K.L.:
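Once you've had a glance at the structure underneath, I'll fire off some questions.
Numbering starts at 1 and runs along the sequence shown. Side chains are part of it too, since the values below use all heavy atoms of this structure and drop only hydrogens, waters and symmetry mates. Worth saying up front: this structure is predicted, and the values here are computed from it rather than measured.
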Amino acid sequence: KLEFSIASEIGNIVKVENFIDYFSDVYNVEPDVFGKISLCVIEAVNNAILYGNKLDSSKHVKFSVYEEEKRLFVAVKDEGEGFDYSYIPDPTLPDNIEKDAGRGLYLMKTLSDDLIFEDGGSKVTMVFNL
């Protein structure tokens with residue numbers, strides 16, 4: 001199991017990208033899956049920094065990554081209050097086309113093979129079939 005942590009600053013996204021490169025090498029992630037993982041993890045981190053930790057650089061975003069039965073589990077946890085994840089609006093529906101909210105979550109749900117929310121929404125685990 002690999003673990004990693006960053007302070008909640010948008011500038012730390014480059015460290016996250018480096019971490020994604022690192023664990024993708026460790027787990028021999030195929031290029032097509034790498035693209036999905038990269039988009040989902042960056043989106044999750046943006047949400048954690050902006051909405052979870054509210055750009056408070058004293059708060060951290062923590063990651064854990066492990067492989068089990070040809071599936072990669074990538075967890076992103078912030079120190080925020082969480083949110084109501086029971087309803088993820090489809091941004092492609094006519095009523096939602098103009099709205100910005102929920103696009104990232106929809107992307108994560110669509111690109112990952114499973115999406116698991118815990119701790120009231122302050123932790124999300126994205127599962128990818130390798």
Side-chain angles (χ1 to χ4, degrees):
K1 186 174 186 175
L2 301 173
E3 295 183 308
F4 180 68
S5 175
I6 59 163
S8 291
E9 297 168 4
I10 293 295
N12 283 334
I13 294 288
V14 72
K15 292 179 183 174
V16 176
E17 290 169 341
N18 291 337
F19 180 60
I20 295 167
D21 287 341
Y22 171 71
F23 75 69
S24 292
D25 283 346
V26 170
Y27 295 110
N28 295 315
V29 173
E30 296 290 325
D32 56 327
V33 180
F34 174 83
K36 292 178 185 179
I37 292 172
S38 190
L39 278 167
C40 289
V41 172
I42 296 296
E43 193 56 53
V45 172
N46 273 322
N47 286 349
I49 290 173
L50 294 172
Y51 306 115
N53 292 341
K54 301 188 181 351
L55 288 168
D56 180 345
S57 61
S58 71
K59 293 184 176 180
H60 287 79
V61 179
K62 296 185 171 84
F63 305 84
S64 62
V65 183
Y66 64 94
E67 183 187 3
E68 194 173 274
E69 296 171 3
K70 288 280 183 209
R71 299 188 332 150
L72 194 65
F73 293 77
V74 184
V76 176
K77 168 112 176 83
D78 62 53
E79 297 181 50
E81 301 291 308
F83 72 104
D84 178 10
Y85 51 86
S86 59
Y87 172 69
I88 299 176
D90 181 342
T92 64
L93 293 176
D95 286 352
N96 298 331
I97 281 288
E98 300 296 320
K99 296 178 187 166
D100 286 336
R103 290 183 190 280
L105 283 174
Y106 181 77
L107 187 78
M108 290 160 58
K109 185 180 172 197
T110 306
L111 293 178
S112 65
D113 293 297
D114 199 6
L115 198 59
I116 304 156
F117 290 99
E118 297 170 274
D119 300 340
S122 65
K123 178 180 181 183
V124 61
T125 303
M126 297 155 282
V127 184
F128 302 92
N129 296 332
L130 300 174

K.L.:
Set out, in order, the CA-CA distance, both residues' side-chain angles and the distance that settles side-chain contact (heavy atoms from CB on, under 4.5 Å) for F128 and V74, then state yes or no.
P.N.:
CA-CA 8 Å; F128 302 92; V74 184; 4.3 Å; yes
K.L.:
Rounded to the nearest 0.5 Å, what's the gap from CD on E9 to CG on N53? Could you check?
P.N.:
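One gets 11.0 Å once the value is rounded to the nearest 0.5 Å.
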K.L.:
Determine, step by step, whether Y85 and L115 satisfy the side-chain contact (heavy atoms from CB on, under 4.5 Å) criterion, reporting the C-alpha distance in whole Å, the side-chain angles of both residues, the deciding distance to 0.1 Å, and the verdict.
P.N.:
CA-CA 11 Å; Y85 51 86; L115 198 59; over 6 Å; no
K.L.:
Can you tell me if K59 has over 12 outside heavy atoms packed within less than 6.0 Å of its NZ?
P.N.:
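Buried by this count: over 12 neighbours within 6.0 Å.
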K.L.:
Just how far is it from atom CG of L72 to atom CZ of F23, taken to the nearest 0.5 Å?
P.N.:
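The CZ atom of F23 is 6.0 Å from CG of L72, to the nearest 0.5 Å.
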K.L.:
Anything under 30° is parallel, anything over 60° is perpendicular, the rest tilted; go ahead and classify F19 against F63.
P.N.:
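Rings of F19 and F63: tilted, as their planes differ by 30° to 60°.
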K.L.:
Measuring from atom CD1 of I49 to atom CG of N12, what distance do you get when rounded to the nearest 0.5 angstrom?
P.N.:
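Here the rounded value is 6.5 Å.
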K.L.:
Run the side-chain contact (heavy atoms from CB on, under 4.5 Å) test against E81 and tell me which residues pass, sequence neighbours left out.
P.N.:
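Residues passing side-chain contact (heavy atoms from CB on, under 4.5 Å) with E81: none at all.
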K.L.:
Heavy atoms, side chains only, cut-off 4.5 Å: are F34 and D21 in contact?
P.N.:
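F34 reaches D21 side chain to side chain.
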K.L.:
May I ask you to test the Y22-V65 pair for a side-chain heavy-atom distance under 4.5 Å?
P.N.:
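Result no, sub-4.5 Å side-chain heavy-atom pair not found.
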K.L.:
Looking only at non-hydrogen atoms, find the nearest pair between S64 and K1 and report the distance.
P.N.:
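Of all heavy-atom pairs spanning S64 and K1, the closest is CB-CE, 3.5 Å.
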K.L.:
Nearest 0.5 Å, please: how far is NZ in K15 from OG in S5?
P.N.:
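Here the interatomic distance stands at 9.5 Å.
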K.L.:
Distance from S38 atom OG to E43 atom CD, nearest 0.5 Å?
P.N.:
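Rounded to the nearest 0.5 Å, the OG-CD separation comes to 11.5 Å.
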K.L.:
Just checking, is any N or O donor in the side chain of K36 or S112 under 3.5 Å from an acceptor N or O on the other one?
P.N.:
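Absent: no donor and acceptor within the cut-off.
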K.L.:
Mind checking salt bridge (charged side-chain N to carboxylate O under 4.0 Å, His left out) for E79 and listing every partner two or more places apart, or none if nothing turns up?
P.N.:
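Salt bridge (charged side-chain N to carboxylate O under 4.0 Å, His left out) check on E79 returns nothing, list empty.
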K.L.:
Check S57 against A7 and note the closest heavy-atom contact, atom names and distance.
P.N.:
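Heavy-atom minimum between the residues: O-CB, 3.6 Å.
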K.L.:
Roughly how far apart are H60 NE2 and D78 CG, rounded to 0.5 Å?
P.N.:
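The CG atom of D78 is 13.0 Å from NE2 of H60, to the nearest 0.5 Å.
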K.L.:
Start with the C-alpha distance between I37 and M126, add both sets of side-chain angles, then the distance that settles side-chain contact (heavy atoms from CB on, under 4.5 Å), and finish with yes or no.
P.N.:
CA-CA 8 Å; I37 292 172; M126 297 155 282; over 6 Å; no
K.L.:
Within the structure provided, determine whether S8 and V61 are in side-chain contact (heavy-atom separation under 4.5 Å).
P.N.:
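Touching, per the 4.5 Å side-chain cut-off.
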K.L.:
I'd like to check L50 versus I10 (side-chain heavy atoms, cut-off strictly below 4.5 Å). Are they in contact?
P.N.:
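In short, these two side chains touch, coming nearer than 4.5 Å.
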K.L.:
Applying salt bridge (charged side-chain N to carboxylate O under 4.0 Å, His left out), run through K77 and D119 and close with a yes or a no.
P.N.:
CA-CA 9 Å; K77 168 112 176 83; D119 300 340; 3.6 Å; yes
K.L.:
Sub-3.5 Å donor-acceptor pair from the side chain of D114 to the main-chain atoms of V127, do we have one?
P.N.:
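Such a contact is absent between D114 side chain and V127 backbone.
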K.L.:
For F4, does the CZ atom sit with more than 12 other heavy atoms under 6.0 Å from it, leaving out its own atoms?
P.N.:
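Enclosed: over 12 neighbouring heavy atoms sit under 6.0 Å from CZ of F4.
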K.L.:
What pairs with E69 under side-chain contact (heavy atoms from CB on, under 4.5 Å), at least two apart in sequence or on another chain?
P.N.:
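Once residues adjacent in sequence are excluded, E69 has no partner under the side-chain contact (heavy atoms from CB on, under 4.5 Å) criterion.
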K.L.:
Go through it in stages, so that I can follow the logic: the residues are I116 and V124, the test is side-chain contact (heavy atoms from CB on, under 4.5 Å), and I'd like the CA-CA distance, side-chain angles, deciding distance and then a yes or no.
P.N.:
CA-CA 6 Å; I116 304 156; V124 61; over 6 Å; no
K.L.:
So with a 6.0 Å cut-off around CZ of F83, is the heavy-atom count from everything else above 12?
P.N.:
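Enclosed: over 12 neighbouring heavy atoms sit under 6.0 Å from CZ of F83.
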K.L.:
Heavy atoms, side chains only, cut-off 4.5 Å: are E67 and L130 in contact?
P.N.:
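E67 reaches L130 side chain to side chain.
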